[in-house]
4 protein chains.
Amino acid sequence: MEQPVDHRRGPRRRGEVLFNAIVEATLAELAEVGYAGLTMDGVAQRARTSKASLYRRWPTRQDLVAAAIQHTARTTEPIPDTGGLRTDLLAALDLVVQRLTSPVGEAVRGILTDTLRDPELTRELRESMVSGRNRLLTQVLRQAAERGEIRAETITPRVAAAGPALVLHHFLTQGPPMPVELRAQIVDEVLLPLAGLPRVQ
Amino acid sequence: MEQPVDHRRGPRRRGEVLFNAIVEATLAELAEVGYAGLTMDGVAQRARTSKASLYRRWPTRQDLVAAAIQHTARTTEPIPDTGGLRTDLLAALDLVVQRLTSPVGEAVRGILTDTLRDPELTRELRESMVSGRNRLLTQVLRQAAERGEIRAETITPRVAAAGPALVLHHFLTQGPPMPVELRAQIVDEVLLPLAGLPRVQ
Amino acid sequence: MEQPVDHRRGPRRRGEVLFNAIVEATLAELAEVGYAGLTMDGVAQRARTSKASLYRRWPTRQDLVAAAIQHTARTTEPIPDTGGLRTDLLAALDLVVQRLTSPVGEAVRGILTDTLRDPELTRELRESMVSGRNRLLTQVLRQAAERGEIRAETITPRVAAAGPALVLHHFLTQGPPMPVELRAQIVDEVLLPLAGLPRVQ
Amino acid sequence: MEQPVDHRRGPRRRGEVLFNAIVEATLAELAEVGYAGLTMDGVAQRARTSKASLYRRWPTRQDLVAAAIQHTARTTEPIPDTGGLRTDLLAALDLVVQRLTSPVGEAVRGILTDTLRDPELTRELRESMVSGRNRLLTQVLRQAAERGEIRAETITPRVAAAGPALVLHHFLTQGPPMPVELRAQIVDEVLLPLAGLPRVQ
DNA sequence: CCTTAATCGAGACGGTACGTCGTGTCTTTAT
DNA sequence: ATAAAGACACGACGTACCGTCTCGATTAAGG
């Protein structure tokens, strides 16, 4: 793809530059071979660095992938505000779907199981994965409450988590792609009723 | 655990006997080292058989684990029937939690990511994992409809899937153990409202 | 050099065949990159086998090289018998020089230092390196005694070792090649006088 | 051993002071882990300096060890002069043995093989290793010639080299320690006869 | 005395080899 | 024919060391 540059002599990448190069190589590997096929060797080779530089930053493969996930999580998506709760929810779920369909999604799905034995890492990842989605959904519901569409008491963490949880559940059990009508079903049969609105058929 | 019997000479197992021995060894390994730590070598050694005998039956590690999962799925749990929907739902979710906490749960969680790239295996596993739970929840809801507690129209596949999906979601993002009050929250804040019943505070 | 044959499937070498292939690859590597440049990876690659197959037989690099040395030591050279002690000694030293100049010599010189910390291996190697040469020299001297050239009492282990020791000493301190006149000097100035014969100028 | 002094800030060594610190650290490492276990990292760490400071002075590990050897070679031992050739020779060989038993000996034995591919370094080392010993033996023999014990014609470079060569040969093939009776055998069976004296039994 | 250049210390970097482990295939021997 | 055992070829693991580099700190020397 690129000409082989020997970074041993000459401009040697360090610090943040190298960090970013590795993270991007990780995402590229995830897209190409998936989470299960990801190897430290492969990432190092693609990033034109050494395994030592990887292990100096991340003790395990999971930590590396977690860093890649968090790296992409920085770019905060704008909260959907279409003027109606239903379309807002559809747009919000679409953001979740898009994220799960990207290389990051591959990583998210892959790491969910590997890390369960490491509570520390689990908690760390939850922050960048779950809470972001929860904030998204909660905000959408609050906008609807301010508009008078729903009552504020219906907004609970459990309700906010339901939408993304169902989307993730579909991805884990059925895999991509996610049919569009399914997204509508989740909104109409679950989320809107939970918000206290009459069901749409 | 058992006395070491050299199956090279003497009573050599084959057919179903050997099949079961391997499956049970797989479950034992899952309980001991988890899905990530499971190896074909380890299973073969624990089952006192050879890797060839494993690969003759299951081409991949995932197939082996899938077989172990399906093996335990045979024992059909009785549908909870306590006389009320709320307690039925709590009991049903408890069954799901129990399953996820067992060695099988370790396998289920582990295999979810590995298999996404193999649609064939994904579909196969879905049958033994998801549909079982869906049938459980759907049955509980039907009992309530027959009792007149809820209206039959509220029962949709999406609603039936919501409970187990939220439980699984918690396991994947928070890990065990599952607090009991969380189960109650799922029932009271999500499932009962979805069934058309007023929320319990 | 040769077409890459994937030995994973197809005729897979085992036992003695594989053993010999590895030993010969080791000698080839010694000839090409020397003892210091010898790597297990390199040998495995040249022999088209795996590192595991190497380590299964020889726990250390030294053991592998030792095996290569001993493998070539099997071919017993005939004892020189030219009819005169002086020419016999010259021929005997020539054999020593030839051995030290060959790939085996590279190995012998290289392993001498690495193994000193392992008394077990040291003793083992001594047998195939030193004793062979001692036997050679002792035999040559005995032939001379039988011919009446020298007295039998002059033959001691110390005297028999002197010749090869001086040759090795030159190799270690000066390196190859070994000038022919030097061999003559060793014979005329050291070995013959030690055997009780008048010095030749 | 010593209190950890951070030389980054505070009294920073350079020039000869640093040179000596590194050489001494090299000798200490040789004594502790041997030549094979010697690493540039280890020496730098022990000397509390950086690898760059090492490589600025010595391009290779061999050069570093060679410098350490030569550093200790400065202290010229007095030539033995006991009044008799035999005791002088025993004392001279004892000096050789002592040198080979010290950390320097470990270095000498180790470097003999590594450097054979670098003729330049080989020649350089020969000066500090071999010629010193040769001068020692030659001087002892000359003293005996002046005393009338032996004839001057028997003194040749080859004869002078024989003693140390046999001692080194034993160290390389048998390893330490060197039995005292062996030293006597070398003197009585080899060196004295070579000097033209009757053999001692 | 102050600047300036050289040197030092620490350690990151790209790379290679280490010795181990697991994979999936195969050969061998025994039932 | 199939079972048990394990050798085999391969590749990834995580570590150690190599020799090079960057960086800031600290000296010594000259103006």
Side-chain angles (χ1 to χ4, degrees), chain A residues 5-15 17-18 37-45 47-57 59-61, chain B residues 5-15 17-18 37-42 44-45 47-56 59-61, chain C residues 4-15 18 37-42 44-45 47-57 59-61, chain D residues 5-15 17-18 37-42 44-45 47-57 59-61:
Chain A
V5 176
D6 192 341
H7 285 289
R8 196 153 33 168
R9 52 183 65 245
R12 197 178 278 181
R13 299 162 301 172
R14 298 164 61 89
V17 180
L18 181 55
L38 190 87
T39 66
M40 297 300 255
D41 277 305
V43 172
Q45 203 163 348
R48 297 199 178 287
T49 182
S50 64
K51 281 197 290 178
S53 295
L54 266 61
Y55 283 105
R56 204 174 291 125
R57 291 173 170 78
T60 72
R61 199 169 63 111
Chain B
V5 176
D6 192 344
H7 287 289
R8 185 160 41 169
R9 50 188 70 250
R12 191 175 282 183
R13 303 159 299 172
R14 55 172 66 196
V17 181
L18 182 54
L38 189 89
T39 66
M40 297 298 255
D41 278 303
Q45 201 161 349
R48 299 202 173 280
T49 181
S50 65
K51 281 197 292 177
S53 299
L54 265 62
Y55 283 104
R56 200 174 294 124
T60 70
R61 197 168 65 112
Chain C
V5 175
D6 193 341
H7 283 290
R8 205 154 25 167
R9 51 183 65 244
R12 196 177 281 181
R13 300 162 299 172
R14 297 165 59 92
L18 182 55
L38 189 88
T39 66
M40 298 299 255
D41 277 303
Q45 203 162 347
R48 297 197 178 284
T49 182
S50 64
K51 282 196 292 178
S53 295
L54 265 60
Y55 283 105
R56 203 175 292 125
R57 291 173 170 78
T60 71
R61 200 169 63 112
Chain D
V5 176
D6 191 343
H7 286 289
R8 186 159 39 172
R9 49 188 70 250
R12 190 175 281 182
R13 303 158 299 172
R14 54 171 66 198
V17 181
L18 182 54
L38 190 87
T39 66
M40 297 299 254
D41 278 300
Q45 203 161 349
R48 299 200 173 284
T49 181
S50 65
K51 283 197 290 177
S53 297
L54 265 62
Y55 281 104
R56 201 174 293 125
R57 291 172 172 77
T60 71
R61 197 169 65 113

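Residue numbers begin at 1 in each chain, while the letters A, B, ... track the order of the sequences. Computation of the quantities below employed the complete heavy-atom set of this structure, encompassing side-chain atoms and omitting hydrogens, waters and symmetry-equivalent molecules. Treat the numbers as computed from the prediction; the structure is a model and nothing was measured.
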Next item on the list: Return the set of residues passing side-chain contact (heavy atoms from CB on, under 4.5 Å) with C:R57 (not counting sequence neighbours), or none when no residue passes.
Entry: C:L18, C:F19, C:I22, C:S53
Note to self: Is it the case that the side chain of C:R61 and the backbone of C:M40 share a donor-acceptor pair, with hydrogens and angles ignored and the cut-off at 3.5 Å?
What the structure shows: no
Note to self: Let me spell it out: for each of B:R56 and C:R57, pick the nucleotide of DNA chain F with the closest heavy atom. Which residue's pick is nearer the 5' end?
What the structure shows: B:R56
Identify the pairs formed between an N or O of the protein and an N or O of nucleotides 4-6 of chain E at a distance under 3.5 Å, and give each distance.
none

Notebook entry, point to check: Which nucleotide in the list F:dA9, E:dG9, F:dT2 gets nearest to the side chain of C:L18?
Noted result: F:dA9
Check: How bent is the helix from E:dC1-F:dG31 to E:dT31-F:dA1, comparing axes over its five end pairs at each side, to the nearest 10°?
Finding: 10°
N/O contacts under 3.5 Å, protein versus nucleotides 17-20 of chain E?
unit_1 : atom_1 : unit_2 : atom_2 : d
E:dC18 : OP1    : C:M40  : N      : 2.8
E:dC18 : OP2    : C:M40  : N      : 3.1
E:dC18 : OP2    : C:D41  : N      : 2.9
E:dC18 : OP2    : C:D41  : OD2    : 3.0
E:dG19 : OP2    : C:Y55  : OH     : 2.2
E:dG19 : O5'    : C:Y55  : OH     : 3.2
E:dG19 : N7     : C:K51  : NZ     : 2.8
E:dG19 : O6     : C:K51  : NZ     : 2.9

Margin query: Looking at F:dA9, I'd like to know if its phosphate oxygens (OP1 or OP2) sit under 4.0 Å from a side-chain N or O belonging to C:R13.
Written below: yes
Notebook entry, point to check: If you take all heavy atoms of C:A44 and C:K51, which pair is closest and at what distance?
Noted result: CB-N, 3.9 Å
Note to self: Once you apply a heavy-atom cut-off of 4.0 Å, does D:S53 come out as touching a base, just sugar-phosphate, or nothing?
What the structure shows: sugar-phosphate
Next item on the list: For B:T39, check side-chain contact (heavy atoms from CB on, under 4.5 Å) against everything at least two apart and list the hits.
Entry: B:D41
Item checked: Any A:T49 side-chain N or O less than 4.0 Å from OP1/OP2 of E:dG14 -> yes
Item checked: Atom-to-atom span, CG of D:L54 to P of E:dT7 - whole angstrom -> 16 Å
Checklist line | d(CD, D:Q45; P, E:dG11) in whole Å | finding: 9 Å
